[in-house]
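Notes follow once the structure below has been shown.
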Amino acid sequence: MDCSDMRTKPDRNIAYLTAFAAVAQHRSFRRAAALQGVSASTLSEAVRALEGQLGVRLLNRTTRSVAPTEAGAKLLARLAPSLADIAEAVDEITGEGGEPAGTLRINAPPPAIELVLAPIAAGFLKAYPKVRLEIVAEANLIDIVKEGYDAGVRWGEDLAQDMIPVRLGPPQRYVVVAAPELLQRHGAPKTPRDLVDYPCIRLRYPNGVTPVWEFERGGETIRLDPPARLTATNVSVQKQAAVAGVGVWITFEDYVRDDIAAGRLSTVLEEWCPPFPGPFLYHPSRRQIRPALRAFIDHVHKVAR
């Protein structure tokens, strides 16, 4: 990107707009520059030129962060779908007669990344060496189109109706686990309601929400909000505390399968923890899907059989 070639009508020049969108989406000049294959100073110059032409500040900059202004957010909301369409058109042309290429951006919650996406990603990248895969962890629900992602990953209850879902894998299951020595001290709970009298290890999302514990058996649903001996956003912290006997913990079975097999953790209340559908990849319902995303979906169908 040579900014000297974009002096005329920069508000109409896609290079300026692409530069702004990249920085606004990644909230970083350095990160956006690395993905664009240019220098941070080049992007900075392009954004300044665009702001000068429009006569409005688009980004708030500090030494540690970059964020769109109100005007910048409005522009990004309109730009992101258009730039995605342009990228799709370019990919379609360059992909004719060749293999998929370019950057594929996927937004997903950490458990889906660690338990499902990570194993899929390695095989996909080996099969499609010209594709650059960017997976961003995000616990909160976001607008993937506005934020510049090709696809997102969520569980069924969080999927928007206007999105196309693609199943990523087999059903999953939560389990209630505790260290054997803790169960020896307190005894095994007979029903979920007994857990209010146990020391508990709770999850807290980055947005500050602590999800309730939900159990189901034979059509009966029980929701609990027990007091926590430990609350953490990090799965590793929770797991180490559970193994150490700090408290009872509810988590994905795949996180603790090895610990259960080795006897470091024991399961309780299994009849109250039925399986549920695993996460889905989802993407906007467009007539044309970018070749890189189509290749990823095809790969998912192969490995998820």
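All heavy atoms count here, side chains included; hydrogens, waters and symmetry mates do not.
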Criterion side chain to side chain contact (heavy atoms under 4.5 Å, CB included) against Tyr282, the qualifying member of Ile144, Val153, Val166: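 Exactly one option meets the side chain to side chain contact (heavy atoms under 4.5 Å, CB included) with Tyr282, and it is Ile144.
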
Of all the heavy-atom pairs spanning [X] and [Y], show the shortest one and how long it is.
{"X": "Leu203", "Y": "Thr233", "result": "CD1-O, 4.2 Å"}
{"X": "Cys200", "Y": "Leu195", "result": "SG-O, 3.5 Å"}
{"X": "Pro165", "Y": "Met163", "result": "CD-O, 3.4 Å"}
{"X": "Arg257", "Y": "Asp254", "result": "NH2-OD1, 2.6 Å"}
{"X": "Arg105", "Y": "Val136", "result": "NH2-CG2, 4.4 Å"}

For Thr231 and Arg202, does a side-chain donor sit closer than 3.5 Å to a side-chain acceptor?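 Side chains of Thr231 and Arg202: no pair found under 3.5 Å.
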
Donor on one side chain, acceptor on other, Ser41 and Glu45, under 3.5 Å: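 On atom types as modelled, these side chains do not qualify, holding no pair under 3.5 Å.
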
More than 12 heavy atoms of other groups within 6.0 Å of Phe276 CZ: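 Yes - once you tally the heavy atoms of other residues, nucleotides and ligands closer than 6.0 Å, there are more than 12.
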
State whether the number of non-hydrogen atoms from other residues, nucleotides or ligands found under 6.0 Å of Arg185 atom CZ is greater than 12.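 Above 12, so yes.
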
Any carboxylate oxygen within less than 4.0 angstrom of a Lys/Arg side-chain nitrogen, looking at Lys302 and Asp298?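 Between Asp298 and Lys302 there is no salt bridge, as every charged N stays at least 4.0 Å from the carboxylate O atoms.
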
Is the closest basic N to carboxylate O distance between Lys239 and Glu114 below 4.0 Å?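 So Lys239 does not pair with Glu114 through a salt bridge.
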
